[in-house]
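Okay, structure first, notes after.
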Amino acid sequence: MLLVNQIRENFARVLAGLQKRNFPNAEAVLNQAVSLDELRKSTQTERDQIQAESNAISKEIGILMREGKAEEAVKIREKTAELKVQIKDLEDQYSSAEEELRLLLYTIPNVPHTSVPAGKSAEDNEIVLESGIIPTLFEGKLPHWELIKKYDIIDFDLGVKITGAGFPVYKGKGARLQRALINFFLDEALAAGYMEVQPPILVNEESGYGTGQLPDKEGQMYFAAADNLYLIPTAEVPITNLYRDVIVAEQDLPIKNVAYTPCFRREAGSWGAHVRGLNRLHQFDKVEIVQITHPDQSYQTLESMSDYVQGLLKKLELPYRVLRLCGGDMGFTSALTYDMEVYSAAQERWLEVSSVSNFETYQSNRLKLRFKGEDKKTQLAHSLNGSALALPRIVASILENNQTPDGILMPKVLHSYLGFDKI
RNA sequence: AGAGAGUUGGGUGAGUGGCUUAAACCAGCAGUUUGCUAAACUGUCGUACGGGUUAUUCCGUACCGGGGGUUCGAAUCCCCCACUCUCUGCCA
């Protein structure tokens, strides 16, 4: 969430940013946040003064009791009764102002970076670059949901039997392709200096709040009610939360972590015409990269993460484009997001395979993720993450783009991982 | 899952209602000295919020797993919850 100081000190800039996101009633909400904070502060000042007075009397009573002057102690004890009532009253006011402010701040999205284009929807996203050659396929090309049946590598019907819609079963070369991609992505990340982590894939409520899935996206996560745990929608949640309530040394920045995990999304209400086959699933595999950086470095880091993801797509020989998301299409917690989309040649459409974002201090404020600099001052670090990469749509485009009448050719870079070169 | 014991600063760990302003030791940081695979001594050493000063800092409040309660006063007493360990049971 935003810092209330940030709102007060940069009111015009924050307001302009929220308007770029089309955030409704931005000015009124920001004004309310500032005045709630004023109320909180003035209440605290008053409460602290009375508390100090009360503490002084208690101390005096202790001294009198020890000296055996019980009568005097009883006399001054009477004074505390009134103070107690006042403290209780101010305490309640303070708590409710603080709570109200916190809940209000939860509803305010991050302020977009200056480079974020204005706009309302995906159509307003800015295409940064396109790379690779879109293949021209033969007559009789098939979309991936046909190819997986033809070669019997991914089975949705079996998934329905075992679990339900959106939980495919990968079989034979399909399963091996999954494993090859995961290993390839992890090895690449290791070579780029990321430390591999295997986090839990169920998380508690605090972790959900830490990265901003709660209270916003409650309905999008699977929930294990008996134990109060959420199935992760992305490895971002457990990895970033590793650094919740942590003060790191400045020389340990940047922190670079990578993890492979399955991801679980209920995707309530988001099924439509274009979500056939692997395009949208309830369970899918993803390798995620996370960085914790010094505030001065985060935008440089964002570019390097974008370059890194593009490098993976080049190695997989997939045509892709990079989008700079507009204010209206960006995630709630992000300050700047690049989406990478690959071209899926049989569906003849672009598919999002990665989203790389800088959250600046929006997550670290909630996480209390800070670092201590040379000047001994603690300040909030910046957090970033990106998919590197999400598997299903990569698989879809590999299958579609590389199909021939005689089979599907695998990208060269995967051959050693797969143990075969054609499906 | 049952029974018992626990949770105190970066770490170990003392502390059963008021000289606790949380001891002591270790680690860290700064300095002094001896001197060079290092030691000794001295000092310093948490976080958050608020207030006053702004050269620097000073003051207040809260924080001993989390939440609530008793009391003039709680690390300490009471209640609820979470987690850890030991034993028993179960189990890949």
Side-chain angles (χ1 to χ4, degrees), chain A residues 1-9 33-105 198-210 214 223-230 238 241-253 255 262 361 363-381:
Chain A
M1 59 185 163
L2 295 180
L3 292 151
V4 70
N5 286 342
Q6 193 180 351
I7 295 173
R8 191 177 33 244
E9 286 160 25
V34 172
S35 65
L36 276 172
D37 191 46
E38 293 300 329
L39 176 64
R40 179 189 64 83
K41 283 201 267 189
S42 62
T43 311
Q44 185 188 337
T45 304
E46 201 179 340
R47 181 202 64 186
D48 284 358
Q49 279 166 2
I50 296 172
Q51 184 66 255
E53 199 182 329
S54 173
N55 287 350
I57 292 171
S58 292
K59 198 166 210 172
E60 213 178 320
I61 291 172
I63 293 165
L64 291 171
M65 296 293 271
R66 214 170 23 254
E67 290 171 350
K69 299 175 182 168
E71 278 177 39
E72 288 179 49
V74 170
K75 209 181 295 171
I76 61 170
R77 193 164 64 189
E78 286 164 13
K79 279 198 282 185
T80 62
E82 195 193 338
L83 296 181
K84 275 184 89 171
V85 175
Q86 286 179 42
I87 290 167
K88 177 86 174 84
D89 193 38
L90 287 164
E91 183 63 40
D92 289 347
Q93 283 178 44
Y94 176 84
S95 306
S96 66
E98 192 185 38
E99 171 81 354
E100 207 179 324
L101 176 60
R102 193 170 55 83
L103 293 177
L104 185 67
L105 289 174
Q198 269 195 30
I201 58 177
L202 279 86
V203 296
N204 58 28
E205 200 177 352
E206 282 170 297
S207 296
Y209 275 97
L214 296 174
F223 181 56
D227 295 290
N228 252 301
L229 297 171
Y230 294 87
N241 272 281
L242 295 175
Y243 305 99
R244 169 154 50 85
D245 292 321
V246 169
I247 301 176
V248 298
E250 188 172 357
Q251 65 261 26
D252 292 336
L253 298 176
I255 292 168
T361 58
Q363 289 185 330
S364 56
N365 184 31
R366 270 201 216 178
L367 291 161
K368 295 192 172 52
L369 162 51
R370 292 162 293 173
F371 70 93
K372 193 171 271 196
E374 302 259 321
D375 56 359
K376 308 269 185 188
K377 291 242 168 79
T378 50
Q379 57 172 314
L380 294 170

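No hydrogens, no waters, no symmetry mates; every other heavy atom, side chains included, goes into these values. The chains referred to below are lettered A, B, ... by the order of the sequence lines, with proteins before strands, and numbering in each begins at 1.
Considering only side-chain N and O atoms, A:Lys372 lies under 4.0 angstrom from the phosphate OP1 or OP2 of B:U47. Within the structure, every side-chain polar atom (N or O) of A:Ser58 is placed at least 4.0 Å from both OP1 and OP2 of B:G17. OP1 or OP2 of B:A82 has not a single side-chain nitrogen or oxygen of A:Asn204 nearer than 4.0 Å. Remark: A:Arg47 is not in phosphate contact with B:G50, judged by side-chain N or O atoms under 4.0 Å from OP1 or OP2. The shortest distance between the side-chain N/O atoms of A:Lys59 and the OP1/OP2 oxygens of B:C72 is not below 4.0 Å. Look at A:Asn55 and you'll find a side-chain N or O under 4.0 angstrom from OP1 or OP2 of B:U61.
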* Check the pair A:Ile57 / A:Leu83 against side-chain contact (heavy atoms from CB on, under 4.5 Å), numbers first and verdict last. => CA-CA 10 Å; A:Ile57 292 171; A:Leu83 296 181; 3.9 Å; yes
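When the P atom is used for both B:C26 and B:C49, the distance is 33 Å, rounded to whole Å. B:C77 and B:U16 are spaced 9 Å apart, taking the P atom of each and rounding to whole Å. Distance check on atom C1': B:U37 versus B:U42 gives 26 Å, rounded to whole Å. Annotation: B:A5 and B:A48 have their P atoms spaced 38 Å apart (nearest Å). Taking atom P in both B:A27 and B:C64, one finds a spacing of 28 Å when rounded to whole Å. Across the C1' atoms, B:A23 and B:G9 are found 13 Å apart, a figure rounded to whole Å. Atom name P, nucleotides B:G60 and B:A22: the rounded distance is 13 Å, in whole Å. When the C1' atom is used for both B:A40 and B:U34, the distance is 8 Å, rounded to whole Å.
Judged by Watson-Crick or G-U wobble contacts below 3.5 Å, the nucleotide B:U21 has no partner. Across all strands shown, B:U61 forms a Watson-Crick or G-U wobble pair with B:A48, both key distances being under 3.5 Å. Figure legend. B:G31 is base-paired to B:C41; pairs are counted as Watson-Crick or G-U wobble with both atom distances under 3.5 Å.
The distance from atom OH of A:Tyr94 to atom P of B:U61 is 15 Å, rounded to the nearest whole Å. Atom pair A:Asp48:CG and B:A48:C1' shows a separation of 12 Å (rounding to whole Å applied). Rounded to whole angstrom, the span from the NZ atom of A:Lys368 across to the P atom of B:C63 amounts to 16 Å. As rounded to whole Å, 20 Å separates atom P of B:C59 from atom CD of A:Glu53. Here the P atom of nucleotide B:C49 and the CZ atom of A:Arg8 are 12 Å apart, to the nearest Å. To the nearest angstrom, C1' of B:U20 lies 14 Å from CD1 of A:Ile63. As rounded to whole Å, 13 Å separates atom C1' of B:G51 from atom CD of A:Glu38. B:G50 atom C1' lies 13 Å from atom CD of A:Glu91, rounded to whole Å.
Within 6.0 Å of CD in A:Glu38 there are more than 12 heavy atoms belonging to other residues, nucleotides or ligands.
When heavy atoms are screened at a 4.0 angstrom cut-off, A:Ile61 is found touching base atoms of the nucleic acid. Counting non-hydrogen atoms under 4.0 angstrom, A:Gln44 reaches a base of the nucleic acid.
Between A:Glu60 and A:Ala56, the one whose closest nucleotide on RNA chain B sits nearer the 5' end is A:Glu60.
For A:Gln51, the side-chain atoms get nearest to B:U61 when compared with the rest of B:G73, B:G51, B:U61.
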